[in-house]
Amino acid sequence: MKTLLIKNAFVIDPIQHISGETMDIAVRNGKIVDDVKNPDEVIDAQGMLTLPGGIDSHTHICGTKVNFGRYMSPEDMRAGRTSRKGDMHATAGYSVPTTYGNSYRYSRMGYTTLLEGAMAPMEARHTHEEFRYTPMQDCLANTLFDGNWFALQAIQDGDTKRLAGILAWYLSAAKGFGVKLTNPGGTEAWGFGKDVSCINDPIPNFDITPLEIIVKMIEANEMLNLPHSVHLHCNNLGKPGNYMCTLDTYDAIPDINDKRQSLYSTHVQFHSYGGSSWNDFCSKAEDIARSVNDKPHIVIDTGQVMFGKTTTMTADGPMEFNLYRLYHNKWSNHDIEMETGSGIIPVVYRKKNLVNAIMWAIGLELALLVDDPWRCILATDNPNGAPFVKYPEVMALLMSKEYRDKEFETLHKSTGRRVALPAIERELTWDEIAVMTRSAQARALGLIDYGKGYLSEGAEADIAIYPIDVDSTDPARDYERIINGFSTTEYTIKRGEVVCRRGTCTLEGNHSTYWVKPHVSPAYDMSKDAAFIDGFNRYYSIRRANYPVGEEYLGRNVCMETEASI
Amino acid sequence: MMKVILEVKERHKPNLPIEAECITPKNFLDPEREFHVWKGNKELDITDIFHVRKDGTAKSAEQVEITIRGDSSHIKRVGEYMDGGKILIEGDIGMHCGNFMSAGLIEINGNADSWLGREMHGGKILCHGDAMDYAGSGYRGEKQGMRGGLIEIMGDAGDFAGETMAGGEIIIHGNAGDMPGVDIKDGRLTIMGDCSRPCGNMSGGECRIFGTAYDMLPTFRNEGLTAIDSVQITRFSGDYMSRGLGTIYVANCKYMD
Amino acid sequence: MKFILNTGRTIRQGKFTENKLGQGYAEETSRCYIHPLDLLELGIEEGENIMVTNVTGEVVLVALADEGLPKGMVFVPYGIHCNSVISPCTHGTGMPDYKIHEVEIAPTSEDRKTPTELLEQLGGVRYAGN
Amino acid sequence: MQEIKDMICPFCGCLCDDITLEIEAGKIVSTDNCCTIGNAKFLGKNRLKNPIKKIDGTWTDITYEEAVDTAVEMLLDADRPLLFGWSGTHGEAQCVGVHMNEILGGVIDNTTSVCHGPSILAIQEVGHPGCTLGQVKNRADLIIYWGCNPIEAHPRHMSRYTTYADGYFLDNAFRNRKVIVVDVRETETAKVADEFIRIKPGGDYAVLSSLRAILRGKSDMIPDSVAGVSKTQLMQVADMCKTCSFGALFFGVGLTMAKGKYKNVRNAIEFVDDLNRHTKFTLTPMRGHWNVYGANEVMAWMTGYPYAVDFCRGVAFYNPGETTAIDILARKECDACMIVASDPAAHFPRACVEQLRDIPLVVIDPFETMTTTIADLQIPVAVTGIDAEGTAYRMDGIPIKVKKAMDSDYPSDTEILTRIYNKMLEVKGL
């Protein structure tokens, strides 16, 4: 079958401990092999940085909320419009592009795997429909459980095994990948217009606290032996002084998986705020980074903010309402019965706005102050902190103190008094950037076992070849070359096929959807549980029989089966 | 001075719109420039649609005067992004004339179709006939419409004139339709004739109605009589369903009670 | 007499939508509901035909009483009948004024037309097969 | 006799998914749980048996292959084709429609433009505080139906989701929930409401403004009567809204089709925004066709815009009022049209129907419709929900797979559109 040989590639592959070796990579049938004879295609990658395909472990690209962002924002579609050309379909949009827009732009940056950060199981079918039109990447979806009534009831009853059974049923039914908690308990409170402020607040209608939800979910998650850990969006996002809530949460996280982290804490920039109001708002990234450094069982992503227009969207409905009251721009909200909430508002992050400038600095501080790049992932929580097309700029900022200082000069004058950034000398290395943009994601998501994130025999041939000559590039000085080089690959290869060449995509992406199916004992099989079925049909507005997403929605379908301990 | 005369040729499908945003004075400064227009999904040379005559030379847009002759009622986007010079339209003009215009003059002897001077920033549009809906308005989903310049309509305007207006001035000598100045934030809208439901959700700016405002909204507060150019007129503040920082002067008004 | 025309969905109109060329739909969409006092003023009885006219066009409908309507408003179920008097003007919004049109109503001795007849008047041709 | 449970009704935006069908000898013979309209849809007859083409004013039976070739020729010949309808078919077919429109360089619009198009324009200005219907069922103690008449248009809405639906926090919904109906006429729905507010035609905007002013503490300036509604009643309604624990406002085309169109809806949305400072309040448009919301979803993720997308110049352009079907037809701007799963001859103003008659017109629909009579070509297809399956989106955005009850020889919309699309690619050498 099809074979490909990439010659003279300058490879950085942190999972294989390869740090800048010139080597050949052979591909057969979409997998990396030892070597190939008479390859069908040969690519000479001489002088080009070659990395495993990029993985975004927290982005919002598909599903109800993202699409509502498009639906409500014709003004966003005025940018980024392209017509159908060759194999590429028409695209539109900047912060909430069309599915093809997302897919092509990620592909030109060398990204081959995307994790949609928040999927309400009740609307999972929609996410999977959009995945089908995101052809250049493999897709996975984190599944929301923060306000799931059956789950909250099981926690209240102290029955963690039942909780695990409930997670198992929903994950399989929604064809989801990981357990996502967004403002746990807060989205349920938002059902009557309320919120919780931190992990010890009681949750209305259930006699439990967010902390109990988080801890019990982590235990249940591990009972199911899922590839990924619980993926948490902490309580109290975006509020001055919320870093205490984040620290308290981290202190309560048990370390119960020896293969990977027990908690993935997402967009931590938004949770590292000091001060008692917007007037004395300041960075607490140092405190957060110290806590993370002390806790090897926690992995974070940064949730970097970059300046300009974007659209914020999250399952955290009450948070978006607060943001709306601050910005007075348009506001959408979408509560999902028995499960979760969501909200959307457009924002503009401005350099001359002190709060925005501090937010920008916090993201960078986290990336620079967390010692271990394997536990600090680069992400903007696309499009919340910024559209993902800003990633190359973020990489350049982390690799160059000079670039950071230059940018810092253009910010609100008081920023320096509220942040630690100017004093941080660290400049990330090529290897560290490679870790923070693919290898760490592969490990945190448990995808290494599925052949992702590395480039040795047996791996999926997902490869990004950048027009960057590492030997002749000093990232501390040549940050423009970093930005340009990471913006457009020379080749993006997906499962052994060139899918994007210098920014032009072909439609042979052959995308697949990864989802988990935990096998539980009959006692915890909710599809046979009378109380579950009865409650379901009584309180949901659709029948349980019509709820699960069929495999016909998945295209190429990678079912990750696990044996649960219940 | 350069004079450009564009005469619309007779067309097989006369109602099919032509999009011709290339027609701005500045574009004619470049003698090498190719002019393309769109007829539906077909990209054509400008000469397929117009007889083109160019006399004289010019060094800046200000020295260019374009005259459009013939049935131009289905030619859209004329003068889009215009930043100087003059366009004279002898007959009617299609939608989106003078979109995003920042300087210069567009004079229309006939009627203008909808979205005349949408999101205009500066310059002047003088329409001797009527203008359809959304004169000086914004675009879908955007917060701000017209931000500067002047649109003067000698005839009537359709509905939603000055919608989301955020600066500049619109003067309508005839009547305006329903909801002129709805969501207006700044700028001045003057209606010499009648209209209905002016300035809903007004949060700033000024509107003057010298005729009758029908179905006047109840959320504007009557602040008493005053005079503009010796015309006795009632001043209202509002809209108090929102922040209420705008002012309407109305000669007569009728409520829907 | 002048009226405001309001059009909208009815359950019977909905029921017949998959068979719009049939008798049930023809009957339902050619009804015009009027307040009983307006009927009195028009000098007609329920079940008699009326001519509805405006600048856009005209159509013959049958008058029926409905006390739920305010005086001065008539209601006609969606369909080809009422669309004869609906202007295609959308005021730049894409949506015609289906809910608010001024019409003139007078008694008439003309018969109602079926949808098929109205379509034939437009040049439409029914498929004779099946 | 075969009984199938939990089927989905492909009629209105409620997408009821608890339908039982009885099938005998390849035909649906009875339904259970359906409303009158849904029942009629499932028991529908008079399907067109084969493609038909009008030659010299007479209909002729043709094969599917001839039909596909004819459709391709008609559409590729045009300078500004219009592809309209889409709300009566499943999402997979809508996706093919968008791809087709990309290479045709046409305008693709769905029936939203004559339904809740104005609601979308309003949402694009101020957003949409909404929720799923189960959230209303379980929590809402105040329901407002504004300019809509569910008893006639969405017959099971009140029993499944609101007035008569017991929910988690309301074990006797009918007693514990208040229902307010706002309309210009006393509809069947108004008759069962706790409070009926009769508004003068064209008065919605003023009434909503007044309610908002009252919420802001400006009740002193509200006159004794606004558009037919007494100040006393306005004060009372504002108070009911402020003091409920979960309010849900449903609105219909009574707002979108009345004077002011989308600005009425915008005012309703901002009224609900304001109420969220006092309590929990949500708003939901009563979407008509069973998959009109799906058409919006599909077009949003494929093109960036929910309806009225003009691809004439290759890139997508959107401007309802210009790129909407009614306007394009009324201005005679298009020169060929394809109608999928919709019947504009029954629902468009006569002037638009005349333009459809005057241009090449392809119809894709299982039945002989009014539009058939003025068309040049019709291709019959399977009915989604009966002998075809696919995805649909309920009025609150919940995606549901509409299942089929039986097989038939008819191609589905997706199949026939894919054939047409592939043929177009072939002809254009793409």
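Every chain is numbered from 1 and lettered A, B, ... according to where its sequence line falls, protein lines coming before strand lines.
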Looking only at heavy atoms and a cut-off of under 4.5 Å, which of [options] has the most pairs with chain D?
options	value
G124(C), G94(C), G57(C), G22(C)	G94(C)
T10(C), N83(C), L21(C)	N83(C)
T93(C), L118(C), N19(C)	T93(C)
T29(C), I86(C), I4(C)	I86(C)
T17(C), V125(C), I100(C)	V125(C)

Just give me the residue among [options] that pairs up with chain C most often, heavy atom to heavy atom, under 4.5 Å.
options	answer
K54(D), R350(D), K41(D), E354(D)	R350(D)
A346(D), A40(D), G202(D)	A346(D)
G44(D), A330(D), P201(D)	P201(D)
E186(D), R185(D), K45(D), K200(D)	R185(D)
R331(D), Q378(D), H347(D), R357(D)	H347(D)

> Just checking, any donor-acceptor pair under 3.5 angstrom between side chains of H289(D) and N110(D)?
Replying inline: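 The criterion, which ignores hydrogens and geometry beyond distance, is not satisfied for N110(D) and H289(D).
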> Does a side chain donor of either R126(C) or T373(D) reach within less than 3.5 Å of an acceptor in the other side chain?
Replying inline: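 Checked: R126(C)/T373(D) side chains show no N/O donor-acceptor pair below 3.5 Å.
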Under a 4.5 Å heavy-atom cut-off, does chain C meet the side chain of [X], its backbone, both or neither?
X	answer
T324(D)	side chain
V184(D)	both
K259(D)	both
R198(D)	side chain
F348(D)	both
T36(D)	both
P320(D)	both
K191(D)	neither
P155(D)	side chain
I151(D)	backbone

Counting only non-hydrogen atoms closer than 4.5 Å, does [X] touch chain D with its backbone (N, CA, C, O), its side chain (CB onward), both, or neither?
X	answer
Q13(C)	side chain
Y25(C)	side chain
T7(C)	neither
D97(C)	both
L122(C)	both

May I ask you to say whether [X] pairs ionically with [Y], meaning some side-chain N is under 4.0 Å from a carboxylate O?
X	Y	value
D387(D)	R47(D)	yes
R9(C)	E152(D)	no
E28(C)	K15(C)	no

> What do you reckon, is CD of E46(C) surrounded by more than 12 foreign heavy atoms closer than 6.0 Å?
Replying inline: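 Correct, the count exceeds 12.
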> Atom SG of C14(D) and atom CZ of R287(D): how far apart are they, to the nearest 0.5 Å?
Replying inline: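 One gets 13.0 Å once the value is rounded to the nearest 0.5 Å.
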>> Less than 4.5 Å apart, side chain to side chain, heavy atoms only: is that true for L48(D) and F367(D)?
In response: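 They are not in contact (no side-chain heavy atoms under 4.5 Å apart), so the answer is no.
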>> Aromatic contact between H116(D) and Y307(D), with the criterion being ring centroids under 6.0 Å apart: yes or no?
In response: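 Judged by ring-centre distance (under 6.0 Å), H116(D) and Y307(D) do not meet the cut-off.
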>> Could you check whether Y145(D) and F196(D) have their ring centres less than 6.0 Å apart?
In response: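 So the answer is no for these two rings.
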> Do you know the tightest heavy-atom contact between I326(D) and P349(D)?
Replying inline: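 Here I326(D) and P349(D) meet closest at CD1-CD, 3.6 Å.
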Side-chain donor or acceptor of [X] paired with backbone N/O of [Y] under 3.5 Å:
X	Y	answer
N54(C)	V85(C)	yes
D343(D)	T371(D)	yes
H35(C)	L37(C)	yes
E117(C)	T114(C)	yes
T323(D)	A308(D)	yes
T256(D)	C115(D)	yes

>> Checking side chain to side chain donor-acceptor pair (under 3.5 Å) between Y127(C) and each of D61(D), T60(D), T372(D), which is the one that passes?
In response: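 It is D61(D); the other options fail the test.
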> Using a heavy-atom distance cut-off of less than 4.5 Å, which residues of residues 58-81 of chain C contact chain D?
Replying inline: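 Listed by number, the contacting residues are G68(C), L69(C), P70(C), M73(C), F75(C), Y78(C), G79(C), I80(C).
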